[in-house]
Student: 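I'd like to ask you about the structure that follows.
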Amino acid sequence: MKQWKFSKLFAVVMALMLVLAACSSGGSEEEEAGTDNGNEAKEEVVKLVYASGKDTTKATDMIIEEFNKTHPNIQVEFREMPSDSGAIHDAFVTALNAGDTSIDVMALDVVWPAEFAQAGYVLPLDRFIQQDGLDLGEYNQGAVSAASFNGKQWALPRFIDTGLLFYRTDLVSGDEVPQTWDDLTAKSAELNGQGGTKFGYLMQAKQYEGLVCNALEYIAAYGGNFLDENGNVIINSPEAIKGLNKLVEVANSDYVPANITTFTEIESHTAFIEGQSPFIRNWPYQWNVANNPEESKIVDKIGVAPLPQGDAGSAAALGGWMTAISKYSEHPKEAWEFVKFIAGKEGQKISAIHGGLAPTIPALFEDQEVLDVNPFFANEGFVSGLNAAVSRPVVPNYAEISEIIQIQVSKAIAGQQTVEEAVKNMETQMKEKLGK
Ligand code: GLC
């Protein structure tokens, strides 16, 4: 009897202890350490959420799967955000302003680190980097500096983007690839509707972040820019006007889809892999999607070239995504393990092979497995193009500047104002927002 009473008491105490342990572990779960007697120390499994834009490839899932397999005490779940950079931005800002603790690791567009750092949305990574002796010298330095602000490192660059011209090798021979924007417009008009196509050229002309990138490429190809290196607004220039006029001409031509102002990357790459156009302006991932037999009708028929030249040469916008830790994460240490993995060699290799994303660790451009699937990564022009890519304005209130550009360029495309009026408005409004 006594014996029974004792073991009953013991059971109650044990149950209480379990309840207490469960309460104190917050969002984590307790799990047996996998020993045979079950009395060994229990190990905590930390659950993390990684929030990032929609991935049209399987790369993100594969990275997470590999991480979870190799880090049994940390389990990452993918929270897929919209695909449009601006929509992701707004969703993050809303969540972080509300102190949302459900997101641990976030993908940041290359244009956000200054804003996110200044707003205190993300944790500085310097302490982690030092502790682990991570060598940032292994990374592309432009990408590293895009994620540093006020002397601190706020994110690790995961992949780098640069605008490229993709063409159909069955419709355009190597020596016919347009060298200038004038060549491109002529060739697109000529091939429009030929060889089973419906169009001559595809781009991103919706009023969103991608339009800023397309606009910058035309402006810079003709020698203009939004800001100079000291942050002064220089958009109202003859060079910028010429570049934007070219963009307006292309977007209003009859060789682009009639609804081109609804096209983001997804609509344009879908039309391209359906075989609807000989040319497209897109980011490096286009290669991977176009060569995927499960979804593409143009496998093995794709060539890559630099974007066409204007009066000042060829210019490509610098894009790419970073990985950062939310300030409100309850598990920053574990979050760092995931940041290191996804933005490290292993994660970047998966992204490159299965997602066609260009690494920010240059050594991976020499990795044979990466090159086997992305042969153009070996082109000298590609790597030097990455280093020469043109940045969008690097300012903490970039989102406001971007909105000004998006609205003014869209109005010019729609014929609601001239390009001269668009640059004048951009100049006035940007000066106001930047206090210059
Ligand atoms: C790509 C780029 C990103 C850019 C976006 C625009 O995702 O990497 O930097 O802002 O396209 O749509």
Side-chain angles (χ1 to χ4, degrees), residues 51-57 59-60 80-93 106-116 140 142-147 154-164 166 202-220 226 247 251 260-270 272 280-289 307 315-324 342-343 348 351-352 355-360 382 385-386 389-395 398-406 409-410:
S52 171
K54 190 173 168 57
D55 187 352
T56 47
T57 73
T60 307
E80 201 168 58
M81 309 290 282
S83 67
D84 172 334
S85 165
I88 306 173
H89 172 273
D90 296 350
F92 279 157
V93 168
M106 295 182 289
L108 303 190
D109 195 341
V110 69
V111 278
W112 309 339
E115 173 192 355
F116 278 52
N140 173 302
V144 170
S145 65
W154 301 91
L156 286 189
R158 180 185 161 211
F159 67 91
I160 191 165
D161 264 338
T162 182
L164 293 166
F166 294 87
L202 296 163
M203 60 186 294
Q204 298 79 42
K206 185 181 167 174
Q207 185 176 316
Y208 83 119
E209 189 56 38
L211 179 61
V212 178
C213 300
N214 279 252
L216 176 58
E217 287 165 351
Y218 285 91
I219 293 170
F226 297 114
L247 179 153
I260 194 73
T261 53
T262 63
F263 273 48
T264 69
E265 286 83 0
I266 294 192
E267 292 77 18
S268 50
H269 88 227
T270 304
F272 189 62
I280 183 172
R281 176 265 173 225
N282 208 348
W283 308 106
Y285 83 95
Q286 175 66 75
W287 176 272
N288 185 280
V289 181
L307 285 172
L318 175 72
W321 288 77
M322 315 273 169
T323 315
I342 189 167
Q348 289 206 23
S351 298
L357 303 179
T360 60
F382 175 71
L386 281 182
V390 189
S391 298
R392 283 161 276 171
V394 182
V395 288
Y398 174 74
E400 290 180 318
I401 301 301
S402 170
E403 198 185 353
I404 294 171
I405 300 168
Q406 292 176 35
V409 174
S410 292

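Given the structure is predicted, the values throughout are model-derived calculations rather than measurements. Counting starts at 1 for both ligands and their atoms, following the listed order.
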Student: Quick one: which ligand 1 atoms are inside 4.0 Å of a heavy atom on Gly210?
Tutor: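 What qualifies from ligand 1 is 6 (C), 12 (O).
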
Student: Tell me whether Glu209 is salt-bridged to Arg392, with the criterion being a basic N under 4.0 Å from an acidic carboxylate O.
Tutor: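 Counted as a salt bridge, because a side-chain N and a carboxylate O are separated by less than 4.0 Å.
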
Student: Examine the proximity of ligand 1 to Arg392 and report which part, side chain or backbone, both or neither, has a heavy atom under 4.0 Å away.
Tutor: side chain

Student: Which part of Glu265 is near ligand 1, with near meaning a heavy atom under 4.0 Å away: side chain, backbone, both or neither?
Tutor: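 The answer is the side chain.
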
Student: Short list, please: which atoms of ligand 1 are under 4.0 Å from a heavy atom of Gly320?
Tutor: 2 (C), 3 (C), 8 (O), 9 (O)

Student: Taking atom types as modelled, find out whether Glu267 and Thr270 have a side-chain donor-acceptor pair closer than 3.5 angstrom.
Tutor: no

Student: Verify whether one side chain among Gln406 and Ser402 offers a donor that lies under 3.5 Å from an acceptor in the other.
Tutor: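 Side-chain D/A pair, Gln406 to Ser402: present.
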
Student: With heavy-atom distances below 4.0 Å as the criterion, list the atoms of ligand 1 near Asp109.
Tutor: 3 (C), 4 (C), 9 (O), 10 (O)

Student: Got the closest protein heavy atom to atom 7 (O) of ligand 1, with its distance?
Tutor: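 Going by distance alone, atom 7 (O) of ligand 1 is nearest to Trp321 NE1, 2.9 Å.
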
Student: Should you measure from each heavy atom of Asp161, which atoms of ligand 1 turn up under 4.0 Å away?
Tutor: 1 (C), 2 (C), 7 (O), 8 (O)

Student: What residue and heavy atom of the protein are closest to atom 11 (O) of ligand 1, and at what distance?
Tutor: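 Protein heavy atom at minimum distance: Trp283 NE1, 3.1 Å.
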
Student: Compute the ring centroids of Trp112 and Trp154, then answer whether they are less than 6.0 Å apart.
Tutor: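 For Trp112 and Trp154, the ring centres are not under 6.0 Å apart.
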
Student: Between Gln204 and Ser268, do the side chains contain a donor N or O and an acceptor N or O under 3.5 Å apart?
Tutor: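 Looking only at side-chain atoms, Gln204 and Ser268 do form a donor-acceptor pair, the distance falling under 3.5 Å.
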
Student: Do Asn140 and Thr360 get their side chains close enough for a donor-acceptor pair, meaning under 3.5 Å?
Tutor: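 No pair is found: no donor N or O on one side chain lies under 3.5 Å from an acceptor on the other.
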
Student: Minimum heavy-atom separation for Ser351 to Ala59, with atom names?
Tutor: CA-CB, 4.1 Å

Student: Relative to the heavy atoms of Val110, which atoms of ligand 1 are at a distance of less than 4.0 Å?
Tutor: 9 (O)

